[in-house]
Asks: 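Let me begin by handing over the structure; questions about it come next.
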Amino acid sequence: MWPKQKILLLVPRGLDGWQGILCLLNALHRSVMVRETLGEGPMDLADLTSSGLEERAFDLADVGPTEILYWSQIPLEDPYRQWGLSRGLMQTELTEFLHRYWAEEILLPVPQTETKDEPFLWRILEKAGFEPSLLWQKEEGQWDVRIGSGLHWIVPAAWLLNCLGGEEFGRHPQSVFPESCWIRREDRVEFYGDQRHYEYLGSLLPCIDYAKEDRTYSIVLQALQIGVPWEAIRRIHDASLNIPLGAYPRENIRWYANDVTWDITRNEGTGRTPVSTEEPEYMANRGIG
């Protein structure tokens with residue numbers, strides 16, 4: 001009988017955030033054993049070996065790891081890695097494993113919030129039908145992994161930096177509005193597809209909490225840039241804040257307004273391009289780009 005696949009995950013002692021990797025491996029249905037190591041001191045061999053293994057070959061399915069995953073900080077001289085070498089176990093550096101797993105995915109790092117709710121960008125993509133995946137720290141040491149069918153992974157930006165050294169994984173998203181921006185007016189926040197404010201996309205009611213304003217609108221821009229339709233973003237934004245229908249002031253479309261800065265008048269052609277209403281083919285282009 002062949003042994004069941006079982007991973008020995010070697011973690012640098014004192015590293016924060018490794019539980020996120022453990023949670024991801026568990027979501028991938030991998031059996032994992034964890035050892036924190038600095039290459040010093042005795043090894044914890046519990047569950048790594050079985051006495052009389054040579055005489056009990058029929059029990060191979062129930063003993064020991066078959067593969068080692070390790071952080072790059074753990075040298076080959078580490079006792080656990082030496083132990084793995086002596087048994088011929090395959091050893092893979094963790095970021096190499098993640099590069100393979102996320103090779104065709106698009107990672108979207110977002111700031112960690114104080115609440116336990118799912119990140120706003122994930123909720124936008126989920127409600128808009130993008131079927132995103134999520135790797136998120138709900139509280140200290142507690143992680144949530146949800147694997148969707150789409151291309152996008154929402155992960156904490158600080159975790160990528162502190163736990164994985166700022167490594168970049170997967171593919172870069174193709175930006176629909178690479179120069180999009182927002183402007184705060186008196187009674188609304190307006191979004192444009194270009195820095196000159198020609199391509200008007202829509203508006204949202206201003207955030208009551210000024211401290212969260214930049215973060216919220218940056219996430220809206222991020223969603224626009226990867227192709228989420230404006231109407232879906234506004235619908236999800238309003239629902240998350242319990243904004244009732246009809247709460248918005250009357251739209252004052254600025255496409256044809258007098259704009260002294262750019263010498264655009266009501267009677268002159270603006271050259272502004274209407275926003276496409278087509279849904280993005282966010283899964284059809286897997287492997288391209």
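These figures come from a predicted structure and were not determined experimentally.
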Asks: If you round to the nearest 0.5 Å, how far is CH2 of W153 from CD1 of I106?
Replies: 13.5 Å
Asks: Is the closest side-chain heavy-atom distance between L8 and L89 below 4.5 Å?
Replies: no
Asks: Grab the two heavy atoms, one from C23 and one from V145, that are nearest each other, plus how far apart they are.
Replies: SG-CG2, 3.5 Å
Asks: Where do L151 and E104 come nearest, in terms of heavy atoms and distance?
Replies: CD2-O, 3.8 Å
Asks: First locate atom CD1 of I124, then atom CD1 of I236, and finally report the distance between them rounded to the nearest 0.5 Å.
Replies: 6.0 Å
Asks: Under the side-chain hydrogen bond (donor to acceptor under 3.5 Å, both in side chains) rule, what do H99 and E167 come out as? Steps first, then yes or no, please.
Replies: CA-CA 9 Å; H99 276 297; E167 191 91 7; 2.9 Å; yes
Asks: Provide the closest heavy-atom pair for G84 versus I68 in the form atom of the first, atom of the second, distance.
Replies: CA-CD1, 3.8 Å
Asks: Can you check whether W182 reaches D214 side chain to side chain, under 4.5 Å on heavy atoms?
Replies: yes
Asks: Mind checking the OG-OH spacing from S203 to Y192? Nearest 0.5 Å is all I need.
Replies: 9.0 Å
Asks: A side-chain contact here means heavy atoms from C-beta on lying under 4.5 Å apart; do Y217 and P206 qualify?
Replies: yes
Asks: Could you go through the side chain to side chain contact (heavy atoms under 4.5 Å, CB included) check for H152 and W122 one step at a time?
Replies: CA-CA 9 Å; H152 303 88; W122 182 86; over 6 Å; no
Asks: Treating T66 as the side-chain partner and K6 as the backbone partner, does any N or O pair qualify as donor plus acceptor under 3.5 Å?
Replies: yes
Asks: Taking C-beta and beyond as the side chain, do V220 and V189 meet within less than 4.5 Å on heavy atoms?
Replies: no
Asks: Are Y101 and F169 linked, directly or through intermediate hydrophobic residues, by side-chain heavy-atom contacts shorter than 4.5 Å (ILVMFWY only)?
Replies: yes
Asks: Identify the two heavy atoms, one from G14 and one from E36, that lie closest to each other, and give their separation to 0.1 Å.
Replies: N-OE1, 3.7 Å
Asks: Please evaluate residues Y80 and D44 with respect to the criterion side chain to side chain contact (heavy atoms under 4.5 Å, CB included), reporting the C-alpha separation (whole Å), side-chain torsions for both, the decisive distance (0.1 Å), and the verdict.
Replies: CA-CA 9 Å; Y80 286 102; D44 177 5; 3.6 Å; yes
Asks: May I ask you to decide whether E77 forms a salt bridge with R81, counting only side-chain N to carboxylate O separations under 4.0 Å?
Replies: no
Asks: Checking D194 side chain against E199 main chain: does a donor-acceptor pair fall under 3.5 Å?
Replies: yes
Asks: Check the hydrophobic clustering (I, L, V, M, F, W, Y; side-chain heavy atoms under 4.5 Å; chains of links allowed) and say if L76 and L9 are grouped together.
Replies: no
Asks: Inspect the surroundings of CD in Q82 and state if more than 12 heavy atoms from other residues, nucleotides or ligands are less than 6.0 Å away.
Replies: yes
Asks: Side chain to side chain contact (heavy atoms under 4.5 Å, CB included), that's the test. Do Y70 and D78 meet it? Break it down for me.
Replies: CA-CA 10 Å; Y70 63 93; D78 181 87; over 6 Å; no
Asks: Quick check: closest heavy atoms across W143 and L135, and the distance to 0.1 Å?
Replies: CE3-CD1, 3.9 Å
Asks: Can W230 and F191 be said to form a ring-ring contact (aromatic ring centres under 6.0 Å, His included), step by step?
Replies: CA-CA 10 Å; W230 171 258; F191 290 81; 5.4 Å; yes
Asks: Between atom CZ of R234 and atom CG of L204, what is the distance when rounded to the nearest 0.5 Å?
Replies: 7.0 Å
Asks: Can you tell me how far the CH2 atom of W71 sits from the CG atom of L94, to the nearest 0.5 Å?
Replies: 5.0 Å
Asks: Minimum heavy-atom separation for F130 to I226, with atom names?
Replies: CE2-O, 4.2 Å
Asks: Any salt bridge between E118 and R146, counting N to O under 4.0 Å?
Replies: yes
Asks: When you measure from the side chain of Q112 to the backbone of Q137, do you find a donor-acceptor pair of N or O atoms at a distance under 3.5 Å?
Replies: yes
Asks: Hey, does N162 have a side-chain heavy atom less than 4.5 Å from the side chain of D16?
Replies: no
Asks: When you compare the side chain of P178 with that of Q225, does any pair of heavy atoms fall below 4.5 Å?
Replies: no
Asks: Side chain to side chain contact (heavy atoms under 4.5 Å, CB included) between I74 and T37: does it pass, once the steps are laid out?
Replies: CA-CA 8 Å; I74 299 176; T37 178; 3.8 Å; yes
Asks: Going only through I, L, V, M, F, W and Y residues with side-chain contacts under 4.5 Å, is there a path from M33 to L85?
Replies: no
Asks: Tell me whether V11 shares a hydrophobic cluster with L161, the cluster being built from Ile, Leu, Val, Met, Phe, Trp, Tyr side chains joined at under 4.5 Å.
Replies: no
Asks: Nearest 0.5 angstrom please: Q195 CD to H197 NE2, how far?
Replies: 6.5 Å
Asks: Are any non-hydrogen side-chain atoms of V32 and I21 less than 4.5 angstrom apart?
Replies: no
Asks: Got W83 and P65 here, is their nearest side-chain heavy-atom distance under 4.5 Å?
Replies: yes
